[in-house]
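Quick notes on the structure that follows.
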Amino acid sequence: MSDEAGRTETAAGPGDAPVGIDPRGPRAGAGITALLLAVVILLWTSTAALVLLAVVAASFLLGAVRGAQGTWQAWVFRTVLLPRIGPTAEREDPRPPRFAQAVGLVITGAGVVLGLLGVAAAVPVAAVLALVAAVLNAAFGLCLGCELYLLLRRVAPAR
Amino acid sequence: MTPAVLPALLLLVTLLATVVLGAWWRRRQGVVRSARGEPDDAAGAVVDWAAHGVDLGERRTFVQFSAELCAPCRATARVLGEVSASHPDVTHREMDVDDHLDLVRAFGVLRTPTVLVLDAQGREVARASGGMNRAQALAALAVGEGPETVPAGVRA
């Protein structure tokens with residue numbers, strides 16, 4: 001323990017992490033979101049599709065502001081799923097899932113805005129893009145937005 | 001009423017493509033690769049690691065590029081911290097990509113976490129990207145240390 005040679009130095013690493021959350025919560029939430037997005041695709045360019053996509057976008061807005069643990073999907077996870085599967089000691093930083101919610105908001109929000117402006121095809125296109133990200137998250141634990149973060153950061157000009 | 005064939009087909013194709021993408025991504029997690037090219041002509045100069053706050057281990061050094069928005073980075077840091085704690089001649093340093101964009105560009109790092117394995121002189125001998133487990137970390141340590149240590153893509 002006191003051997004300084006074999007120590008991890010994290011001075012330049014991620015700062016003080018906030019209280020961790022159950023990592024299964026955001027994944028279960030992404031599964032619920034994926035189901036809704038699949039329905040949006042099946043509803044195609046109808047008004048119902050636009051309304052449902054707006055509901056998904058509003059959920060992402062909630063998650064982007066309050067974190068993934070503050071969405072209604074997280075509430076469903078806690079009240080329906082959690083009592084059945086039991087608690088876990090595993091915890092994850094809430095910031096990556098929250099960032100993922102913001103990425104979801106940008107994609108679905110663009111679909112809703114374009115749909116309202118009369119670009120009907122934007123609704124299923126946005127739903128397809130968001131569905132890919134949601135399924136990757138739910139089934140594989142992959143946060144697509146986080147994965148692309150460094151690439152975007154590298155192309156973006158220095159701040 | 002139009003038949004809903006096209007939407008259903010698009011949904012199916014999207015789901016299939018996503019599963020293929022996800023499976024491919026998962027298989028690549030933490031796979032150890034030897035450094036490209038000859039170890040001693042690594043673009044002329046070796047990086048001055050001390051200037052970047054990295055203390056080189058006597059045997060190997062893990063330099064881990066991480067981001068705040070990266071959940072697998074935490075798990076990887078835990079694994080590499082444990083491995084370096086049990087090997088006194090190995091050190092581990094986590095670098096935030098936002099603070100070290102110069103190194104990120106110099107080493108062609110495209111995603112987080114990416115772990116460089118350096119020898120005692122600070123030359124890259126191997127690297128891995130994506131979340132790493134303990135077996136992969138130990139395999140990464142062994143790269144370049146014996147005739148039979150060419151990594152065969154160690155996985156979970």
Side-chain angles (χ1 to χ4, degrees), chain A residues 1 3-15 17 20 23 26 34 37-45 49 90-100 124-125 127-129 131-151 153-154 158-159, chain B residues 2 4 6-8 10-11 13-15 17-19 21-23 25-26 52-55 57-58 62 64-75 77-78 80-101 104-105 109-112 114 130-131:
Chain A
M1 299 293 175
D3 185 359
E4 65 172 41
R7 209 186 56 209
T8 296
E9 300 164 79
T10 48
L37 289 166
V39 175
V40 171
I41 293 171
L42 292 177
L43 291 172
W44 208 231
T45 53
E90 215 181 310
R91 284 291 174 270
E92 85 170 344
D93 190 321
R95 288 172 295 186
R98 185 176 163 190
F99 177 72
V125 168
V128 163
L129 294 176
L131 178 66
V132 170
V135 170
L136 285 176
N137 194 339
F140 298 95
L142 161 58
C143 168
L144 196 58
C146 310
E147 198 78 359
L148 299 177
Y149 171 76
L150 184 55
L151 277 180
R153 190 72 184 76
R154 282 185 61 168
R159 275 180 294 184
Chain B
T2 49
L6 185 59
L10 180 66
L11 177 58
V13 170
T14 302
L15 288 176
T18 306
V19 168
L21 182 66
W25 171 81
R26 181 171 275 184
H52 292 280
V54 177
D55 285 332
E58 286 168 35
F62 291 119
Q64 178 187 345
F65 291 98
S66 295
E68 186 180 282
L69 303 167
C70 166
C73 292
R74 310 302 146 71
R78 213 175 306 130
L80 296 183
E82 284 165 13
V83 169
S84 62
S86 56
H87 294 76
D89 48 3
V90 173
T91 58
H92 170 227
R93 173 80 183 195
E94 199 176 5
M95 320 272 271
D96 194 295
V97 288
D98 286 321
D99 301 333
H100 297 92
L101 275 178
V104 166
R105 292 208 167 90
V109 174
L110 297 177
R111 56 197 285 244
T112 55
T114 290

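Quick note on labels: first sequence line is chain A, next is B, and so on, each numbered from 1.
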Please look at A:Glu92 and chain B and tell me whether the side chain, the backbone, both or neither of the residue comes under 4.5 angstrom of a heavy atom of that chain.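 For A:Glu92, the contact with chain B is made by the side chain alone.
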
So which part of A:Ala38 gets closer than 4.5 Å to some heavy atom of chain B, the side chain, the backbone, both or neither?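 It is both, since atoms from each part get that close.
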
Go through [options] and name the one with the most non-hydrogen pairs under 4.5 angstrom from chain A.
{"options": "B:Gly57, B:Ala71, B:Gly130, B:Ala75", "answer": "B:Ala71"}
{"options": "B:Leu110, B:Leu21, B:Val19", "answer": "B:Leu110"}
{"options": "B:Pro72, B:Ala17, B:Ala23", "answer": "B:Ala23"}

Look up atom CG in A:Asp93 and atom CD in B:Glu68, then write down how far apart they are to the nearest 0.5 Å.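 The distance works out to 7.0 Å.
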
To the nearest 0.5 Å, what is the distance between CG on B:Leu101 and CG on A:Leu150?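 The distance works out to 7.5 Å.
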
From the options B:Leu11, B:Thr18, B:Leu10, select the one residue that forms a side chain to side chain contact (heavy atoms under 4.5 Å, CB included) with A:Leu131.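 Only match with A:Leu131 under side chain to side chain contact (heavy atoms under 4.5 Å, CB included): B:Leu11.
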
Mind listing the closest non-hydrogen atom pair of B:Ala8 and A:Leu42 along with its distance?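 Smallest heavy-atom distance, with atoms named: CA-CD2, 3.7 Å.
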
Looking at every non-hydrogen atom in both residues, tell me the closest pair between A:Pro96 and B:Cys70 and how far apart they are.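 So the two residues come closest at CG-N, 3.4 Å.
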
Just wondering, do [Y] and [X] contact through their side chains at under 4.5 Å, heavy atoms?
{"X": "B:Trp25", "Y": "A:Leu144", "value": "no"}
{"X": "A:Arg153", "Y": "B:Val97", "value": "no"}
{"X": "B:Leu6", "Y": "A:Trp44", "value": "yes"}
{"X": "A:Arg154", "Y": "B:Arg105", "value": "yes"}

With a 4.5 angstrom heavy-atom cut-off, is it the side chain or the backbone of B:Val109 that approaches chain A, or both, or neither?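 Contact with chain A: backbone and side chain both.
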
